[in-house]
**Q** 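One structure coming up, written as structure tokens, with questions to follow.
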Amino acid sequence: MSERNGVLITLEGCDGCGKSTQAALLCERLAACGLPVGPSSAPGAVIREPGGTAAGEAVRDILLHGLEALAPWTETLLYAAARAELVEHVLLPELGAGRVLVLDRFIDSSLAYQGFARGLGIDAVLAVNAPGLRGLLPDLTIVLDVDPVVGLARAGNAPDRIEAEGLDLQRRVATGFAAVARRFPERVRLIDGFRDIDLVAASVRAAALEAVADAGLRLGG
Ligand code: TYD
């Protein structure tokens, strides 16, 4: 792995947990603290998974909008492939340049959705992702904890392939994230996402600023 001076913060949770909204708010707030947030090509921006590179966005399309059901390991390897591309071309260079990156989903989504909810095993899914991760794990992972019933209702009337699978899957995903949080207590924080948006944002920001301070980055203006 290349030398890294930046900070990697990931937001996670089941579908409709509010992480995309919170990721955008977090970027705004960290940038307002004078931190070099987002990739240097798009300062202030959230990076999303699967996606974040041209190949990753193409893989996202197969994963989320393809017509055929995918075998669980096919799905897992496609997420891992999009991730390997992001690690190599975006995350390692940007972290090496000292940027603070906020990701909307990362490895823990694969652990919760494919490893736990699809029953492939958290260890097995981590193992196939490991070569592409190149040793990179988040400094901080925030899991927004929301009742899956509320999450699916928020996900709205144009569900992607995974949302369309319904509540049973989302319940297993929520249990999967709880298992991931127990497995990696040093970096994963569960935050109650079923509160006023500003209260959730304040909790997310406090956790992120702690991670930035732990990483020794100086806050500017
Ligand atoms: P998301 O970005 O939350 O979709 P949207 O932008 O429509 O809210 O995530 C896409 C879907 O992919 C979501 O259902 C979770 C799923 N997913 C996995 O199953 N495994 C993974 O490793 C990742 C990154 C996402």
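Atoms within each ligand, like the ligands themselves, are counted from 1 in listed order. Note: hydrogens, waters and symmetry copies are ignored here, and every other heavy atom, side chains too, is used.
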**Q** By the definition side-chain contact (heavy atoms from CB on, under 4.5 Å), identify the one residue from V100, V7, N5, L136 that meets it with L95.
**A**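 For L95, the side-chain contact (heavy atoms from CB on, under 4.5 Å) check succeeds only for L136.
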**Q** Is there a side-chain contact between L209 and L30 (heavy atoms, below 4.5 Å)?
**A**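 A side-chain contact under 4.5 Å exists here.
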**Q** Report the nearest protein non-hydrogen atom to atom 14 (O) of ligand 1: residue, atom name, distance rounded to 0.1 Å.
**A**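 Residue, atom and distance for the closest contact: D15 OD2, 2.8 Å.
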**Q** Please say which of L77, V87, I107 ends up in a side-chain contact (heavy atoms from CB on, under 4.5 Å) with N129.
**A**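 So the option named by the test is I107.
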**Q** With a 4.5 Å cut-off on side-chain heavy atoms, are F184 and T141 touching?
**A**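 Contact flag for T141/F184 side chains = no.
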**Q** Of the protein's non-hydrogen atoms, which lies at the shortest distance from atom 16 (C) of ligand 1, and what is that distance?
**A**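 Atom 16 (C) of ligand 1 sits closest to the protein heavy atom Y79 OH, 3.2 Å.
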**Q** For the pair D123 and R183, find out whether any cationic side-chain nitrogen is under 4.0 Å from an anionic carboxylate oxygen.
**A**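 Salt bridge flag = yes for R183 with D123.
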**Q** Run through Q22, K19, R48 and flag the one making a side-chain hydrogen bond (donor to acceptor under 3.5 Å, both in side chains) with D104.
**A**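 Among Q22, K19, R48, the one that satisfies the side-chain hydrogen bond (donor to acceptor under 3.5 Å, both in side chains) with D104 is K19.
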**Q** Using a strict cut-off of 4.0 Å, indicate which atoms of ligand 1 neighbour a heavy atom of Q114.
**A**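 Once the distances to Q114 are compared, the set is 18 (C), 19 (O), 20 (N), 21 (C), 22 (O).
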**Q** How far is atom 8 (O) of ligand 1 from the closest protein heavy atom, and which atom is that?
**A**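 Checking every protein heavy atom, the shortest distance to atom 8 (O) of ligand 1 gives E163 OE2, 4.2 Å.
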**Q** How close does the nearest protein non-hydrogen atom get to atom 1 (P) of ligand 1, and which residue and atom is it?
**A**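 That would be R105 NE, 3.5 Å.
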**Q** Report yes if some N/O of S20 lies less than 3.5 Å from some N/O of ligand 1; otherwise report no.
**A**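 For ligand 1, there is no N or O atom that lies under 3.5 Å from one belonging to S20.
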**Q** Determine whether the side chain, the backbone, both or neither of R83 has a heavy atom under 4.0 Å from any heavy atom of ligand 1.
**A**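 It is the side chain that gets close, since no backbone atom is under 4.0 Å.
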**Q** Of the listed options (N129, L64, L63, L78), which comes nearest to atom 11 (C) of ligand 1 when hydrogens are ignored and any heavy atom counts?
**A**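 The nearest heavy atom belongs to L64.
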**Q** In terms of atom number and element, which parts of ligand 1 are under 4.0 angstrom from non-hydrogen atoms of K19?
**A**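 Answer for ligand 1: 3 (O).
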**Q** Is it true that the side chains of R83 and S110 contain a donor and an acceptor less than 3.5 Å apart?
**A**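 Per modelled atom types, R83 and S110 side chains form a pair under 3.5 Å.
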**Q** Report yes if some heavy atom in the side chain of E94 is under 4.5 Å from a heavy atom in the side chain of I47; otherwise report no.
**A**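 A side-chain contact under 4.5 Å is absent here.
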**Q** Which of the atoms of ligand 1 are close to D160, meaning less than 4.0 Å from one of its heavy atoms?
**A**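 Matching atoms, with element in brackets: 4 (O), 7 (O).
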**Q** Got the closest protein heavy atom to atom 22 (O) of ligand 1, with its distance?
**A**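 Here the closest protein heavy atom is S110 OG, 2.6 Å.
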**Q** Hey, is E165 close enough to R118 for a salt bridge, meaning N to O under 4.0 Å?
**A**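 Looking at E165 and R118, the cut-off is met.
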**Q** Between E75 and ligand 1, find which residue part has any heavy-atom pair under 4.0 Å and reply side chain, backbone, both or neither.
**A**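 Neither part.
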**Q** I need the atoms of ligand 1 closer than 4.0 Å to a non-hydrogen atom of I162, numbered in the order shown.
**A**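 Answer, ordered by atom number: 14 (O), 16 (C), 19 (O).
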**Q** Is it the side chain, the backbone, both or neither of R60 that has a heavy atom closer than 4.0 Å to ligand 1?
**A**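 For R60, only side-chain atoms sit under 4.0 Å from ligand 1.
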**Q** Verify side-chain hydrogen bond (donor to acceptor under 3.5 Å, both in side chains) between R105 and Y113, making sure each step is shown before the conclusion.
**A** CA-CA 11 Å; R105 296 195 184 281; Y113 281 79; 3.1 Å; yes
**Q** Do any nitrogen or oxygen atoms of D104 lie less than 3.5 angstrom from nitrogen or oxygen atoms of ligand 1?
**A**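 No; every N/O pair is 3.5 Å or more apart.
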